Amino acid sequence: MNHQNRKLFKGLRARPRRIPLYTSAEHQQGLRRAGRFNAQLMDFVRQHIRPGIRTADIDKLVHEYTLDHGHRPACLGYKGFPKSVCTSVNEVVCHGIPGDYELKPGDIVNVDLTTIVDGWYGDQSETFLVGEVTESARRLVQAAFDALWVGIRAAQPGNTILDIGSAISQLARERGFSVVREYQGHGIGREFHQEPGVPHFPEVGSSRITLVPGMCFTIEPMLNEGTWETVLDRSDGWTVRTRDGRLSAQFEHTILMTESGPEVLTRTEHGPQEGHRF
Ligand code: MF3
Ligand code: CO
Ligand code: CO
């Protein structure tokens, strides 16, 4: 290693990953307010999910509620995304674009909300059962919800990112479902997506990132009935589907690491809480 290379290597080592730490009261207040508003929006949207509603109607509800409260939907215009929310129905894994599709009994739909409140981001999603669904769909949604919570419980200061992915993939395996690998949780704060990446499976390398107070990130496992592999819809550039066309379900929360453990910033008042049975 010559001198120049050594300097470069040292420079990279000094900041191996740009993981912002939010330790000041001011920053934490910004994050908490964004998470709280996002959760309030989820409580509002949940009441409207029923057979007959179009995914475009969900988008309108999200868009108007957010603007009426003086905030901004983060999805709208993000890398060209055309709507204010992602709505992912049945075999759609994530990033579904709201449109004319009308929800019908038996569907499962993930609604993924992200809001910007005074420059701070809150991000969460829930999967809803529309009317009566098959037992397999219900079991999948239950597993995705439980996977989120085992991931949250694994996120303790001193543990690593690997512990989150290990806990989630173990639960999925026990329930007979697979975990999507191409899409991950992510650091969040004054940006939508930042370091650290949070894989929902034991990815080599994630053991190098120790969780410390002040880190803020999402956990958002996507579980599939069949294969974990996905396909991106090339005609719209966004919609991600399961390769085999079978169902996919997801839940997401934004988490702030504190000295006493994970603080769920996007906890709702009326939605499913840890331990909920669907
Ligand atoms: N909310 C998604 C996430 O959890 C990202 C959606 S990006 C969009 O990270 F552009 F599709 F809206
Ligand atoms: Co999200
Ligand atoms: Co997210």
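Just follow the structure's listing: the first ligand is 1, and inside any ligand the first atom is 1. Owing to the predicted nature of the structure, the values given are computational and were not obtained by experimental measurement.
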Next on the checklist: Determine whether a donor-acceptor pair (N or O, by modelled atom type, separation under 3.5 Å) exists between the side chain of Asn38 and the backbone of Leu113.
Outcome noted: yes
Checklist entry - Do the side chain of Asn90 and the main chain of Asp107 share a donor and acceptor less than 3.5 angstrom apart? => result no
With atoms numbered from 1 as shown, which atoms in ligand 1 lie under 4.0 angstrom from a non-hydrogen atom of [X]?
X: Glu252; value: 4 (O)
X: Thr114; value: 1 (N)
X: Cys75; value: 12 (F)
X: Glu220; value: 3 (C), 4 (O), 9 (O)
X: Phe81; value: 8 (C), 10 (F), 11 (F), 12 (F)

Checklist entry - Near Glu26 CD, under 6.0 Å, is it more than 12 heavy atoms from other residues, nucleotides or ligands? => result no
Checklist entry - Are side-chain N/O atoms of Glu225 and Ser136 paired as donor and acceptor at under 3.5 Å? => result yes
Checklist entry - Side chains of Thr114 and Asp123: do they bring a donor and an acceptor to under 3.5 Å? => result yes
Of the protein's non-hydrogen atoms, which lies at the shortest distance from [atom], and what is that distance?
atom: atom 2 (C) of ligand 1; value: Asp112 OD2, 3.3 Å
atom: atom 9 (O) of ligand 1; value: His193 NE2, 2.8 Å
atom: atom 7 (S) of ligand 1; value: Tyr78 CD2, 3.8 Å
atom: atom 5 (C) of ligand 1; value: Phe192 CZ, 3.6 Å

Item to check | Structural part of Lys79 in contact with ligand 1, heavy atom criterion under 4.0 angstrom | outcome: neither
Checklist entry - At a non-hydrogen distance cut-off of under 4.0 Å, which region of Cys94 contacts ligand 1 (side chain, backbone, both, or neither)? => result neither
Checklist entry - Hey, does Asp123 sit under 4.0 Å from ligand 1 if you only count heavy atoms? => result yes
Next on the checklist: If we only consider heavy atoms of Trp238, is any one of them less than 4.0 Å away from an atom in ligand 1?
Outcome noted: yes
Checklist entry - Can you list every pair that meets side chain to side chain donor-acceptor pair (under 3.5 Å) and has a residue in residues 142-157, with sequence neighbours left out? => result Gln142-Asp146, Asp146-Arg175, Arg153-Glu274
Checklist entry - Near the Co ion (ligand 2), meaning under 2.8 Å, how many protein N/O/S atoms are there? => result 4
Checklist outcome for this item: Rounded to the nearest 0.5 Å, the CZ atom of Phe251 sits from the CD1 atom of Ile152 at a distance of 11.5 Å
Checklist entry - Roughly how far, to the nearest 0.5 Å, is the CZ atom of Arg246 from the CG atom of Asn224? => result 9.5 Å
Next on the checklist: Check this for me: does any side-chain nitrogen of one of Lys60 and Asp57 sit under 4.0 Å from a carboxylate oxygen of the other?
Outcome noted: no
Item to check | Test: Glu195 and Arg18 ion pair at under 4.0 Å | outcome: no
Checklist entry - His186 to ligand 1: N or O pair under 3.5 Å? => result yes
Checklist entry - By salt bridge (Lys or Arg N to Asp or Glu O under 4.0 Å), which residues pair with Asp236, not counting sequence neighbours? => result none
Checklist entry - What residues, two or more places apart in sequence or in another chain, satisfy salt bridge (Lys or Arg N to Asp or Glu O under 4.0 Å) together with Glu135? => result Arg138
Next on the checklist: Walk me through whether Arg181 and Glu203 qualify under salt bridge (charged side-chain N to carboxylate O under 4.0 Å, His left out).
Outcome noted: CA-CA 9 Å; Arg181 303 168 79 94; Glu203 190 189 55; over 6 Å; no
Checklist entry - Any N/O/S of His193 under 2.8 Å from the Co ion (ligand 3)? => result no
